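Numbers here are sequence positions counted from 1. All values below come from the heavy atoms of this structure, side chains included, with hydrogens, waters and symmetry mates left out. Since the model is a prediction, treat every value here as computed from it, not as a measurement.
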Amino acid sequence: MEFNDPQLFINREQSWLAFNERVLDDARDRELPLYERLKFFAIASSNLDEFFMVRVAGLKQQLASGVAETAADGMLPAEQLSAISERVHKLVDAASLLWVEELHPRLTAAGISILTRDKLTAEQKAAARTYFTTSVFLALTPLAVDPGHPFPHLRNKSLNVAVLLRREGPKRRRNVRGTSLAVVQVPSVLRRLVPVPTDKGSAFLLLGELIALCAGDLFPGYVVEHAAAFRVTRNWDINVDEEESEDLLSTIQEELRRRDRGAAVRLELDAVASPQIESLLTAALKLGPMDVYRQQAPLQPSDLMTLTELDLRPELRVEPFVPTVPAVLRDTESLLSVVAERDILLHHPYESFDPVVRFLEEAAEDPNVLAIKQTLYRTSGDSPIARALSRAVENGKQVAVLVEIKARLDEANNIAWARKMEESGVHVVYGLIGLKTHSKVALVVRREGNGIRRFVHLGTGNYNPNTARHYTDLSLFTSRTEIADDVSALFNMLTGYAVAPQWKRLAVAPMGLQEKVLSLIQREAEKARRGEPARIVAKMNSLVDSTVIRALYAASQAGVEIDLLVRGICCLRPGVPGVSERIRVTSVVDRFLEHSRVFAFGAGNSPEVWMSSADWMPRNFLRRIEVMFPVEDPAIRQRLLDEVLGVALKDNVKARRLQVDGTYVPVGKDGTQVRSQTVLMELARRNNQQDPKPLEALRHATAPERRDEPLVRPAPQTAN
């Protein structure tokens, strides 16, 4: 079969919205502490911001340009925009209902009142006005909107207050309606939660509400007829012609300055806003009714996260988790000496990201290290890794870093680090024209005796110590010669002029990664056709690539049992009779963001296991430098099968199963309840206490169900 029927594919944007609905489900989870629920409520909102800034903006550009191309699901841009609007309106309404009926009342019950201006007592109103006069008024700029004052260009995601004004006196009207529009921007530099006096607990007024309450002070001689908060989302993507750019860094800096002038793509309005305010704002922003989203909840829920900094009550938050360091690294003076003897796997955030930083810091100080090479896609604002690389230069080592300055939403941060490292003497390059470098690779070249040994770090996540505490990712340290040969060749290709080699162990995009994935899938299909046990288990963030999806359909038809752990977007439709009934798709949304990519091909004792920086998406296969690398150490391979894949497959608490109609339903809590992230946190604690048989206990507790052949079999204790 060709598998070209559009009905076999789920629309990408609809699948992403289903993921965000699962995020909101965690905000609904009454078993979670209140502040954890509030965190997911804020994440669902910020996710929508990026979705509109990039995905919806892109569809609007396609529509304006007359693009009529369709993806595998067959939907045109106009059809997608209409479907998105309908679904997002339902999602926003559901979030508002959750706020009104659960989160807000629970905050109040916990002694924290989030008030609106119409609910203030006389005492609270007086205190609020005093705070406005002393701490807010002078920071505000009232902006009139009339023929002499064009509608202001409001920054992306900025919070504002729209004010309808009437001139005092019956004969001095400025227009037929007798009202004028003004806009007041809510300063980002001021605290968003304003404390007001209360007899019990704490009470706060949102800054936007305070400005709306006191708006009359900004317009003397006018009467405020109505005021309401609103928020604008703009097209935030940048388009750079790299072939025509003589200086890529300067070009992107210029595009970043222009980005705030992108077209508006969404208007969020306080539910109390009058129809007149909505009409005036949509006309000024060139938006239609489908682009307006009214909310009863705060327009910027991330502002509420300040509460978690002010209120430290443990019963309102999840128990802190401290990542562990494997004993083999904790008890050694030299990480490089350990990696010289064995491969090392780290599972973040259960295991600390500190050894990755230590790997580079040790290399920077080691007099026998000759060179360090690394890719940086995203890193933290105060990056110890960038500092270590600069320190290495000071110590006389050759240091080359590829900084991806086109990393979406991190362009400015990466440019700043690129400048700093260049000033310290690091050789900074920006990658290959037309491709983003998304791979996570570091290479250390060290003199040992009469020869050279190379040490490699390969990861599924970014070199960012901050996100490594919140994302599940994997790090592999190795000194295997053939992997080091491939990594050396990769850096030669990235920093100089070099034709892609015949890779010995790695699969690299766009020079064969997709072909490698297809060959591994097809190999399992051939096994099934011969009547041999065949299985695929793949964990990733997103599955979009239609060519790979068709290969998975063919493998399912051939008899391959396929389990896909896909956190976010999944365009594959499982459970279609005769096509995908052997494919199961599971999504886990929990405390940590599932971000690792692990792929196992084969049934029986020794499946072939790979890790990667890449999801199975066209952009990763065709428009990015990505790396997929094999796991050759048997103990580490077994650990990945048991710990990363096996436990996730047994999750029946936070897991959701994708249905044939595109909906997700809970897996069901039959038998022993297994919450995979809780199991892995406990496993990390036991490993830290040097429990003699932690993995054995794990296998007995969470043995995966049979799929012709078990996913895992008993194996030696892992190397670390």
Side-chain angles (χ1 to χ4, degrees), residues 240-245 248 371-377 398-407 414 427-445 452-463 476-523 540 544-548 551 597-599 601 608-632:
V240 175
D241 187 346
E242 296 179 51
E243 295 282 357
E244 297 297 322
S245 174
L248 182 60
I372 302 173
K373 302 180 183 183
Q374 185 171 5
T375 62
L376 282 178
Y377 188 73
Q398 290 289 314
V399 180
V401 180
L402 188 146
V403 179
E404 183 47 77
I405 57 174
K406 302 187 295 295
N414 285 6
H427 298 297
V428 177
V429 297
Y430 306 119
L432 303 181
I433 292 176
L435 299 172
K436 285 186 181 180
T437 302
H438 189 251
S439 56
K440 284 75 181 180
V441 189
L443 174 69
V444 172
V445 181
I452 296 289
R453 183 189 288 272
R454 290 162 298 174
F455 301 84
V456 175
H457 172 267
L458 296 156
T460 66
N462 296 303
Y463 287 107
L476 180 69
F477 296 101
T478 185
S479 61
R480 293 176 184 267
T481 300
E482 291 190 323
I483 287 181
D485 287 345
D486 280 353
V487 170
S488 294
L490 174 66
F491 277 110
N492 288 341
M493 185 180 72
L494 293 175
T495 62
Y497 292 114
V499 176
Q502 290 293 319
W503 307 104
K504 298 177 181 179
R505 287 291 183 268
L506 303 184
V508 179
M511 307 98 176
L513 175 55
Q514 184 187 46
E515 292 78 3
K516 181 63 177 181
V517 170
L518 291 172
S519 71
L520 290 166
I521 295 171
Q522 290 159 1
R523 186 186 68 188
M540 67 198 85
V544 176
D545 189 78
S546 59
T547 304
V548 169
R597 292 98 167 186
V598 187
F599 315 114
F601 300 90
E608 192 172 329
V609 179
W610 296 72
M611 299 194 299
S612 183
S613 58
D615 292 315
W616 289 353
M617 303 178 72
R619 70 183 188 191
N620 299 90
F621 289 142
L622 304 176
R623 300 189 296 277
R624 292 186 174 188
I625 300 293
E626 302 275 16
V627 170
M628 186 171 76
F629 46 98
V631 179
E632 300 186 339

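- Listed here is the closest heavy atom pair of Ser519 and Lys516: OG-O, 2.7 Å.
- No more than 12 heavy-atom neighbours from other residues, nucleotides or ligands sit within 6.0 angstrom of CD on Gln398.
- Taking the side chain as every heavy atom from C-beta outward, Met511 and Met493 approach each other to under 4.5 Å.
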Val441/Phe491 under side-chain contact (heavy atoms from CB on, under 4.5 Å): CA gap, chis, key distance, verdict: CA-CA 9 Å; Val441 189; Phe491 277 110; 3.9 Å; yes
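- You'll find the side chain of Tyr377 reaches within 4.5 Å of the side chain of Arg624, heavy atoms only.
- Asp615 contributes atom CG, which lies 10.0 Å from atom OG1 of Thr460 (distance to the nearest 0.5 angstrom).
- In this structure a side-chain-to-backbone donor-acceptor pair under 3.5 Å is missing from Asn492 to Ala498.
- Looking at Leu402, Val627, Val403 one by one, the single match for side chain to side chain contact (heavy atoms under 4.5 Å, CB included) with Thr437 turns out to be Leu402.
- Residue Trp503 comes nearest to Ala489 through the heavy atom pair CZ3-CB, 4.2 Å, listed as atom of the first residue, atom of the second, then distance.
- Note that the CZ atom of Arg480 and the CZ atom of Phe455 stand 14.0 Å from one another [nearest 0.5 Å].
- If you take CD on Glu515 and CZ on Phe621, they are separated by 9.0 Å, rounding to the nearest 0.5 Å.
- Under the 4.5 Å side-chain criterion, counting only non-hydrogen atoms from C-beta, Asn620 is not in contact with Pro510.
- Among all heavy-atom pairs drawn from Gly459 and Ser613, the shortest one is O-CB, 4.1 Å.
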Given side-chain contact (heavy atoms from CB on, under 4.5 Å), test Leu518 with Thr547 step by step and report yes or no. CA-CA 8 Å; Leu518 291 172; Thr547 304; 3.8 Å; yes
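- Taking OG1 from Thr375 and CD1 from Ile625, the interatomic distance works out to 10.5 Å, rounded to the nearest 0.5 Å.
- Within the 4.5 Å cutoff, the side chain of Arg453 has no heavy atoms near those of the Val444 side chain.
- Between Leu443 and Arg454 the shortest side-chain heavy-atom distance falls below 4.5 Å.
- Figure legend: Lys440 and Tyr463 shown without cation-pi pairing, the cationic atom not lying both under 6.0 angstrom from the six-membered ring centre and within 45 degrees of its axis.
- Listed for the Asp486 side chain is a donor-acceptor partner under 3.5 Å among the backbone atoms of Lys504.
- Ion pairing between a basic and an acidic side chain is recognised when a charged N comes within 4.0 Å of a carboxylate O; Glu404 and Lys436 show no such pairing.
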Please determine whether side-chain contact (heavy atoms from CB on, under 4.5 Å) holds for the pair Trp616 and Arg597, giving the CA-CA distance in whole Å, both sets of side-chain angles, and the decisive distance to 0.1 Å. CA-CA 10 Å; Trp616 289 353; Arg597 292 98 167 186; over 6 Å; no
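- Taking NE2 from His427 and OG1 from Thr495, the interatomic distance works out to 9.5 Å, rounded to the nearest 0.5 Å.
- In this structure the side chain of Val517 reaches within 4.5 angstrom of the side chain of Met628, judged on heavy atoms.
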Go through it in stages, so that I can follow the logic: the residues are Phe599 and Leu520, the test is side-chain contact (heavy atoms from CB on, under 4.5 Å), and I'd like the CA-CA distance, side-chain angles, deciding distance and then a yes or no. CA-CA 10 Å; Phe599 315 114; Leu520 290 166; over 6 Å; no
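- Arg505 has no carboxylate O lying under 4.0 Å from a charged side-chain N of Asp485, or vice versa, which leaves the two without a salt bridge.
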